[in-house]
Amino acid sequence: MADLQAILNDIHAELSPRLGEGRVADYIPHLAHIDPQKFGMSLITVDGAVHRVGDSDEPFSIQSISKVFTLTMALGKHGETTWNRVGREPSGSAFNSIVQLENEGGKPRNPFINAGAIAVSDLVLAGHTPREAIGEIVRFVRYLADDDTIVIDPAVARSEEATGFRNAALANFMRAFGKLTHPVDHVLGVYFHHCALAMTCTQLAHAGLFLAAGGTNPLTGLSVVSSQRARRINALMLTCGHYDGSGEFAYRVGLPGKSGVGGGILAVAPGKAAVTVWSPGLNHNGNSLLGSLALEMLAARTGWSVFGPA
Ligand code: DON
């Protein structure tokens with residue numbers, strides 16, 4: 001096997017002159033102040049080897065990466081009926097777009113665009129108060145990462161709650177179509193809080209490892225989902241995980257991946273490893289600019305693309 005630590009060190013060194021490129025998300029005021037020079041990467045293989053470089057152990061706002069975990073929870077709670085509420089097709093639109101919702105009767109295209117993740121939050125809320133649902137999400141992520149120190153950053157959640165007018169529009173629109181069963185403010189409360197989970201690259205790679213290992217966390221031996229479900233979540237990450245940049249990410253990197261506007265990307269190399277990269281500067285699709293490049297370099301150097309060897 002390639003020397004994975006040397007590969008991470010080389011990627012970090014090669015990207016160092018470019019740190020700060022891209023645009024930090026500032027529509028969530030609390031995220032506008034993040035240092036754009038940050039860069040971290042953690043890679044955990046299915047046999048438990050951990051490789052890290054840069055700011056890999058500094059917590060950052062995972063934002064939309066959390067949508068992978070809430071989808072996993074919703075599928076656990078509601079099984080295939082989840083798909084009555086949200087589709088499985090790429091949107092080809094921005095993550096916060098409202099345009100398709102009207103034509104498509106308030107059913108979001110997929111669980112990773114904001115509208116879809118809000119519908120998933122509604123599913124996770126079933127039978128719970130918002131506080132309980134948020135607690136359940138935190139417990140689930142701690143279980144996945146085998147790390148009880150993971151918390152939500154309440155300042156980020158509040159910052160988004162105060163300014164999330166587009167998400168409020170999406171939620172109200174879906175509610176008007178009868179597609180949300182709980183009050184809009186409850187659903188948005190759950191959504192904003194799971195987006196505000198703060199995690200390090202290493203914690204996120206741990207949490208995503210079950211997707212690289214057929215649904216079971218190979219480090220704890222705990223089963224999370226069936227291998228079929230893990231494969232299907234990976235398929236959705238590949239086709240929808242980077243919004244209208246998903247095709248480009250598949251073309252360049254060739255791995256299932258989920259991005260967040262905090263600048264993180266969780267990528268899955270099935271049978272091999274989970275990898276997280278964090279670099280806050282975003283490209284025009286709202287995906288980490290250098291993070292995508294780092295994963296492109298990693299995939300080229302390991303030959304891990306799901307579409308074939310290098
Ligand atoms: O709802 C929002 O806009 C954010 N909480 C999450 C968006 C996001 O991370 C998009 N990812 N690239």
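These numbers come from the heavy atoms of this one structure, side chains and all, not from hydrogens, waters or symmetry mates. All residue numbers in this chain count up from 1 along the given sequence. Order of appearance sets the numbers: ligands from 1, and atoms from 1 within every ligand.
Val277 is not listed as a side-chain neighbour of Ile11, based on a closest heavy-atom distance of 4.5 Å or more.
Nearest protein neighbour of atom 10 (C) of ligand 1, counting heavy atoms only, is Ser64 OG, 3.0 Å. Scanning the protein heavy atoms around atom 3 (O) of ligand 1, the nearest turns out to be Tyr27 OH, 2.5 Å. Closest protein heavy atom to atom 5 (N) of ligand 1: Gln63 OE1, 2.6 Å. Of the protein's non-hydrogen atoms, the one nearest atom 2 (C) of ligand 1 is Glu160 OE2, 3.0 Å. Annotation: atom 12 (N) of ligand 1 to nearest protein heavy atom, Gly286 O, 3.0 Å. The protein heavy atom nearest to atom 1 (O) of ligand 1 is Tyr191 OH, 2.6 Å.
Every atom of ligand 1 with a heavy atom of Cys195 under 4.0 Å away is listed here by number and element: 5 (N). When each atom of ligand 1 is checked for a heavy atom of Asn167 under 4.0 Å away, the hits are 1 (O), 2 (C), 3 (O). Against a heavy-atom cut-off of under 4.0 Å, Ser259 is close to the following atoms of ligand 1: 11 (N), 12 (N).
Contacts classified as ring pair (Phe, Tyr, Trp, His ring centres under 6.0 Å) and involving residues 115-136 (residues at least two apart or in different chains) are not found. Applying the ring pair (Phe, Tyr, Trp, His ring centres under 6.0 Å) definition to pairs two or more places apart or across chains, none involves residues 139-163.
Heavy-atom separations between Phe192 and ligand 1 are all 4.0 Å or longer. In this structure, Asn114 counts as a contact residue of ligand 1, since one of its heavy atoms falls inside 4.0 Å of the ligand.
Of the possible polar contacts, one joining the Lys77 side chain to the Ala126 backbone as a donor-acceptor pair under 3.5 Å is found.
Side-chain polar atoms of Ser61 and Gln63 form a donor-acceptor pair below 3.5 angstrom.
Using cut-offs of 30° and 60° for the angle between ring planes, the Phe249 and His242 rings count as parallel.
Of the residues Thr72, Leu75, Leu211, the one that meets the side-chain contact (heavy atoms from CB on, under 4.5 Å) test with Arg229 is Leu75.
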